[in-house]
Amino acid sequence: MPELPEVEVTRLGLVGPLQGARIEAAYLGKPLRWPLQCLPQSLVGRTILDVRRRGKYLLMDLSEGLLLWHLGMSGSLRLWPTRPDPGLHDHFDLMTTHGCLRLNDPRRFGAVVYAPAESSPQAQQLLGHLGLEPLQSAFQPQGFHQALRQRRTAIKQLLLAGDVVVGVGNIYACEALFLAGIRPTLSAQRISRPRAAALHAAIQQVLSRAIAIGGSSLRDFTGTEGQSGYFQLETKVYDREGQPCRECGTTIRRRVQGQRSTFYCPQCQRN
DNA sequence: AAAAGCCCCTGGATGC
DNA sequence: TGCATCCAGGGGCTTT
């Protein structure tokens, strides 16, 4: 589920409430994707200074060290005034003076990892290879085009790989490629400079729009107060196989790329 | 170095 | 109703 917009919506819901909160306890449930890398008890007494985002990771700066959170495919974070009884899929609780932050993750592809610093090997193993932030100024059309020229893989899979630009998952990759009129199977190196610029703009547009309306709530995702997002209501191609394109009426197609579904309009995205 | 495949795990939808 | 099969938004790791 959670791609950049959902993680950013989560961050926006946490940063205000949690800044300055002191950790009073941490509770582990079933194992997540990676171990916490510290004793939960050792977090007690630390203060949350900030909540940042890098790609699809949330970075929680503590008075000493930081926590890296990842929501995997089905995770969501919710802030409760007091700690509710843990349910079947509640696998990590962080009790603070400002409430109980709870990770619910049915599939357990998510994780919470402690690292002593962002520059530490523990953190860099997860963050070190990440590409540019799509909504920051370092992400520019010209540099994007240069990066595309060096890769022969299909553009959809390059977007998902996250080593050129981060945060674009399956939904937003499909949607951005539709907006740019680019066939998802097109080799990245064959994308011209103007079309790369169009894709650059489409990525920014689709991600910004999704953040503004609370992300996409398919299956599990909700915001930190349990609220739904609405982007799934305005997708042009994602999960619309067999339905008419909203622009031209042609039937939307689905195909598999890298073991994932790709949706596209064969007319609007001719290559 | 880059690309392609393989999994981790669970639940919901679909089909027989 | 019951059971099997397929599918799902991620991404690190291994193999080619």
Side-chain angles (χ1 to χ4, degrees), chain A residues 1-10 29-35 37 53-58 68-77 87-92 103-113 115 121-131 147-177 184-190 203 206-207 210-211 214-223 228-235 237-242 254-263:
Chain A
M1 166 268 354
E3 305 181 33
L4 185 149
E6 292 75 33
V7 179
E8 181 64 12
V9 165
T10 299
K30 286 188 193 171
L32 293 163
R33 177 165 187 168
W34 302 299
Q37 305 285 7
R53 182 187 55 72
R54 178 73 177 101
K56 297 172 188 168
Y57 289 90
L58 278 178
L68 290 82
W69 304 69
H70 200 290
L71 301 180
M73 296 265 275
S74 58
S76 58
L77 280 169
L88 184 60
H89 301 305
D90 296 322
H91 303 305
F92 189 82
L103 175 66
N104 178 276
D105 186 2
R107 292 177 67 185
R108 292 194 282 130
F109 285 8
V112 188
V113 175
Q122 296 95 314
Q124 284 303 304
Q125 185 173 359
L126 301 177
L127 307 176
H129 62 94
L130 295 181
L148 297 190
R149 286 181 59 185
Q150 298 176 316
R151 301 279 289 272
R152 17 178 73 177
T153 192
I155 183 60
K156 162 90 178 321
Q157 291 178 255
L158 179 141
L159 293 177
L160 291 187
D163 50 356
V164 171
V165 59
V166 294
V168 184
N170 207 31
I171 297 175
Y172 300 110
C174 291
E175 295 299 309
L177 287 165
T185 47
L186 183 62
S187 174
Q189 65 182 175
R190 296 188 51 214
I203 290 168
V206 77
L207 295 178
I211 292 168
S216 301
S217 287
L218 292 136
R219 301 181 182 82
D220 309 296
F221 178 76
T222 63
S228 173
Y230 296 97
F231 189 84
Q232 72 281 1
L233 301 178
E234 49 186 76
T235 57
V237 288
Y238 181 78
D239 206 21
R240 297 196 65 242
E241 181 186 20
R254 181 181 92 96
R255 59 173 291 159
V256 174
Q257 263 182 302
Q259 296 115 234
R260 291 218 159 91
S261 288
T262 292
F263 299 89

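Proteins get letters first, then strands, A, B, ... in listed order; numbering begins at 1 in each.
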Whole-Å gap separating [atom2] ([N]) and [atom1] ([X]):
X: A:Q189; N: B:dA1; atom1: CD; atom2: P; result: 18 Å
X: A:R149; N: B:dA2; atom1: CZ; atom2: P; result: 15 Å
X: A:D163; N: B:dA1; atom1: CG; atom2: C1'; result: 11 Å
X: A:L4; N: C:dG11; atom1: CG; atom2: C1'; result: 15 Å
X: A:H89; N: B:dG11; atom1: NE2; atom2: C1'; result: 7 Å
X: A:L158; N: B:dA3; atom1: CG; atom2: C1'; result: 11 Å
X: A:K156; N: B:dA3; atom1: NZ; atom2: P; result: 16 Å
X: A:E6; N: C:dA8; atom1: CD; atom2: P; result: 17 Å

What's touching nucleotides 13-15 of chain C from the protein side, N or O pairs under 3.5 Å?
from   : atom 1 : to     : atom 2 : distance (Å)
C:dC13 : OP1    : A:Q125 : NE2    : 3.2

task: Produce a footprint string for nucleotides 4-9 of chain B: one letter per nucleotide, 5' end first; B if the base is under 4.0 Å from any protein heavy atom, S if only the sugar-phosphate is, - if neither.
output: SBB-BB
query: For atom P, what is the distance between B:dC9 and C:dC3, given to the nearest Å?
result: 24 Å
task: Please list all pairs passing the salt bridge (Lys or Arg N to Asp or Glu O under 4.0 Å) test where one or both residues lie in residues 149-164 of chain A, with sequence neighbours left out.
output: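 Sorted result for residues 149-164 of chain A: A:R151-A:D163.
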- request: Taking salt bridge (Lys or Arg N to Asp or Glu O under 4.0 Å) as the test, write out the residues that go with A:R54, two or more places apart.
  value: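 Partners of A:R54 by the salt bridge (Lys or Arg N to Asp or Glu O under 4.0 Å) criterion, ordered by chain and then number, come out as A:E133.
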Residues that [X] engages under side chain to side chain donor-acceptor pair (under 3.5 Å), provided they are two or more places apart:
X: A:S261; value: A:R254
X: A:S228; value: A:S217
X: A:E241; value: none

statement: When A:Y57 and A:N170 are each assigned the nearest nucleotide of DNA chain C, the 5'-most assignment goes to A:N170
field: From CA spacing to verdict: side chain to side chain contact (heavy atoms under 4.5 Å, CB included), A:L126, A:W34
entry: CA-CA 11 Å; A:L126 301 177; A:W34 302 299; 3.7 Å; yes
- prompt: Of all the base pairs, Watson-Crick or G-U under 3.5 Å, which form stems of three or more consecutive pairs involving DNA chain C?
  reply: B:2-8 with C:10-16, B:10-16 with C:2-8
Residue met sooner reading DNA chain B from 5', once A:Q150 and A:L88 are mapped to nucleotides: A:Q150
Could you list the residues that satisfy side-chain contact (heavy atoms from CB on, under 4.5 Å) with [X], not counting sequence neighbours?
X: A:A147; answer: A:V164
X: A:H70; answer: A:K56, A:Y57
X: A:Q122; answer: A:A115, A:P116, A:S120
X: A:A176; answer: A:L199, A:A202, A:I203, A:V206

statement: Checking C:dA8, C:dG11, C:dG12 against the side chain of A:H129 (C-beta onward), the nearest is C:dG12
field: Nearest listed nucleotide, side chain of A:R152, among C:dA8, B:dA3, C:dG11
entry: B:dA3
query: Are any of the side-chain heavy atoms of A:L159 and A:L177 separated by less than 4.5 Å?
result: yes
- prompt: A:E175 side chain to A:Y238 main-chain N or O, any donor-acceptor pair under 3.5 Å?
  reply: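 Such a contact is found between A:E175 side chain and A:Y238 backbone.
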